[in-house]
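Since we're looking at a predicted model, the values are computed, not measured. Quick note on labels: first sequence line is chain A, next is B, and so on, each numbered from 1.
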Amino acid sequence: MIQAPRGTFDILPEDAARRARLEGEAAAILGAAGYRRIETPTFEATELFARGVGEATDIVRKEMYSFDDGAGRSMTLRPEGTAPVCRAYIEHGMHKLPQPVKLWYLSSFFRAEAPQRGRYRQFWQIGAEAIGSAAPETDAELIVLLAEVLQAAGVGDVELHLSSLGTPEARVEYREELKRYLRAHEDRLSPEVRDRIDANPLRAFDAKDRATREVMQSAPTLLERLEGEDAEHFARVRALLDAAGLRYELDPSLVRGLDYYTRTLYSFESPRLGAQSEVGGGGRYDRLIEQLEGPPTPASGWAAGVERMLLATELAAAPPEPVDVFVAVADAAGTGAAFALAQDARRAGLSAQLELAGRSLKGQLRHADRIGARYVAIVGEDSHASLRDMSSGEQREVPRDAVIAAIKEAHP
RNA sequence: GUGGGCGUAGCUCAGCUGGUAGAGCUCCGGGUUGUGGUCCCGGCGGUCGGGGGUUCGAAUCCCCUCGCUCACCCCA
């Protein structure tokens, strides 16, 4: 049997209905804040991610689905949304629009990871990006919007972790300090952390290894080294969140695996999830546009995992569409008339379903009951139809061409 | 890539120490010679994940393999 590829899944009708609801909630919240929808291609030039996400990241090093497009160019199924949106911003000259340009998307992404609860190889994210503003208000607003989307999705009991990375220049000095500290305690670090001391020392804060964690407890943090405008920016973001009544925890160990982040950094964690507890997160990325050969442009944004939100919520599916009339056939002679009646009913604005499985009349009535049909019109060979009210059980003979009017009269 | 758990009908599962595959739900038909929701009867549906081995005999024991899943790692 051919199965869906490992780490992928089918979205069956019931699940699709839950997703449609989630999409509606997000569209309303983001739309009200002036964010407009954008969709970018499912695949992009590999170079976009190599440069945008960072050559040193796990995503680029081992998680991309890349392929040759047949003309010698390397393409990659998008592993994240920020770099493509920035590419579109640059390509369409959006720096000439009023800034910031506020965009949101709901798209699927692809990463070749080992699947587990809340982590898939094709997954969906809702994301929002505000490009062209360095203001701390932009970060705070984005965080508040993400909190609202999560709230509307039914993911209420989340914890917000907040940090700041400063600017890359400010980080250089700190990185050296951290490297010196790690080397001094090298013997107690896990092998993975030790191997990354030079490549990515900040990731040591992420380690789950016990001895490493103990070492990191007394490690110098970037948060305490923030100075000047970086410190002011962060203080302002915090003040705005405080004023908005949003609770958060300062988390100096918060480190994201994407290279493009600067300053503000955050994640929302849900205790209802397993090991993959992050439902959404993001931050500021003031250098990315420039790195992709656009004009120097500050920006900020986040992404939230659709599957993770759905795992952490009780959000019910939208109720199924009501069926005004089910057109049943009493004998084969009536099938043509039944077909026409169902179509006429739909043109008249009713929802109508037709018997399509060759069921017995008893079976047709049972089916009509299951799908919640309000009326059943039983069409036979003569020019009349039996119109049955399924809730009362009352049934009367009606001229076939008066069936629709009779239903509309009862349910205007 | 590494480790734990699990793979029996479309779904949820039973099948004890090996004896020749079962239930409930779903679906279809009938009871009502043209009529739903309850009830009754019947039917459709299974290479017991796959391969090999032990045995007179394997869903059951052994080995290998594949898949799913949770975790490490990483992240949404």
Identify whether any heavy atom of A:Tyr120 sits under 4.0 Å from a base atom; if not, whether one sits that close to sugar-phosphate; answer base, sugar-phosphate or nothing. base

Which of the following nucleotides, B:C70, B:G34, B:A76, is nearest to the side chain of A:Ser386? B:G34

Does NZ or CZ of A:Arg19 come closer than 6.0 Å to the centre of the six-membered ring of A:Trp124, within 45° of the ring's axis? yes

Please state how far atom CG in A:Leu365 lies from atom P in B:C28, giving the value in whole angstrom units. 13 Å

How is A:Arg119 classified with respect to the nucleic acid when contacts are heavy atoms under 4.0 Å: base, sugar-phosphate, or nothing? base

Please report the distance separating the C1' of B:C75 from the corresponding atom of B:A59, rounded so that it comes out in whole Å. 40 Å

Sticking with atom C1', work out how far B:U38 lies from B:G22, rounded to a whole angstrom. 27 Å

Regarding A:Gly127, tell me which of base, sugar-phosphate or nothing describes its non-hydrogen contacts under 4.0 Å with the strands shown. nothing

B:C44 -> Watson-Crick or G-U wobble partner, both distances under 3.5 Å, gives none

Tell me which one of A:Asp344, A:Ile404, A:Val403 satisfies side chain to side chain contact (heavy atoms under 4.5 Å, CB included) with A:Leu350. A:Ile404

Separation of B:G67 atom P from A:Phe9 atom CZ, nearest Å, is 19 Å

Sticking with atom P, work out how far B:G37 lies from B:A21, rounded to a whole angstrom. 35 Å

Tell me: CG of A:Leu265 to C1' of B:A76, nearest whole Å? 14 Å

For A:Glu397 and B:G34, give me the distance from atom CD to atom P, rounded to whole Å. 15 Å

Let me confirm one number: the CG-CG distance from A:Leu273 to A:Leu311, rounded to the nearest 0.5 Å. 6.0 Å

Across every strand shown, the nucleotide meeting Watson-Crick or G-U wobble geometry with B:G7 (both distances under 3.5 Å) is B:C66

Would you indicate which nucleotide in B:G36, B:C75, B:G34 comes nearest to any side-chain atom of A:Ile378? B:G34

If only side-chain N and O atoms count, and only distance matters, is there a donor-acceptor pair under 3.5 Å linking A:Ser300 with A:Asp139? yes

Judged by nearest nucleotide, the residue sitting upstream toward the 5' end of RNA chain B, A:His367 or A:Ser391, is A:His367

For A:Glu63, answer base if it contacts any base atom (sugar-phosphate contacts may also be present), sugar-phosphate if it contacts only those atoms, and nothing otherwise; contact means non-hydrogen atoms under 4.0 Å. sugar-phosphate

Classify the nucleic acid contact of A:Ala114 as base, sugar-phosphate or nothing, counting any heavy atom under 4.0 Å across all strands shown. base

Is the phosphate of B:C27 approached by A:Arg370 (side-chain N or O, under 4.0 Å from OP1 or OP2)? yes

My understanding is that only one of A:Ile289, A:Leu288, A:Leu292 makes a side chain to side chain contact (heavy atoms under 4.5 Å, CB included) with A:Tyr260; could you say which? A:Leu288

Looking at B:C28, B:U35, B:A76, which one has an atom nearest to any side-chain atom of A:Arg359? B:C28

A:Met309 CE - B:A76 C1' separation (whole Å): 8 Å

Please measure how far the P atom in B:C13 lies from the corresponding atom in B:G52, and state the result in whole Å. 30 Å

With heavy atoms under 4.0 Å as the rule, sort A:Ala330 into base, sugar-phosphate or nothing. base

Looking only at N and O atoms, is any donor in the side chain of A:Gln364 or the base of B:U35 less than 3.5 Å from an acceptor on the other one? no

Could you give the distance separating B:U17 and B:U12 at their P atoms, to the nearest angstrom? 24 Å

Separation of A:Arg121 atom CZ from B:C68 atom C1', in whole Å? 13 Å

Does a side-chain N or O from A:Ser360 land closer than 4.0 Å to OP1 or OP2 of B:G30, or not? yes

Counting only Watson-Crick pairs (N1-N3 plus N6-O4 or O6-N4) and G-U wobbles (N1-O2, O6-N3), all under 3.5 Å, who is the partner of B:U2? B:A71

Which listed nucleotide (B:A76, B:U35, B:G30) is nearest to the side chain of A:Arg388? B:U35

Which of these nucleotides, B:C72, B:A76, B:G36, is closest to any side-chain atom of A:Lys362? B:G36

The residue, A:Glu307 or A:Gly363, whose nearest nucleotide of RNA chain B is more 5′ is A:Gly363

Reckon A:Glu80 touches a base, only the sugar-phosphate, or nothing at all at heavy-atom distances under 4.0 Å? nothing

Pair A:Glu176 + A:Arg171: basic N to acidic O under 4.0 Å: no

I'd like the P distance from B:U60 over to B:G53, given in whole Å. 14 Å

With a sphere of 6.0 Å drawn around CD of A:Glu173, does it hold more than 12 non-hydrogen atoms of other residues, nucleotides or ligands? no

For A:Gly380, which contact category applies under a 4.0 Å heavy-atom criterion: base, sugar-phosphate, or nothing? nothing

Using atom C1' in both nucleotides, what's the gap between B:A23 and B:U32 to the nearest angstrom? 29 Å

Base, sugar-phosphate or nothing for A:Arg308? Non-hydrogen atoms, less than 4.0 Å. base

Partner lookup for B:C56, please. Criteria are Watson-Crick or G-U wobble with both distances under 3.5 angstrom; report none if nothing qualifies. B:G19

Taking CZ from A:Phe326 and C1' from B:G37, how many angstroms apart are they, rounded to a whole number? 15 Å

Of the nucleotides B:C68, B:G29, B:A76, which has the atom closest to the A:Phe123 side chain? B:A76

Quickly work out the A:Leu273 CG to B:C70 C1' distance and round it to whole Å. 14 Å

B:C11 to B:U26 separation - P atoms, rounded to the nearest Å: 16 Å

Taking only the side-chain heavy atoms of A:Gln116 (C-beta and beyond), determine which of B:A76, B:U35, B:C70 contains the nearest atom. B:C70

Counting N and O atoms only, with roles assigned by atom type, does the side chain of A:His185 sit under 3.5 Å from a partner on the main chain of A:Ala219, one being a donor and the other an acceptor? no

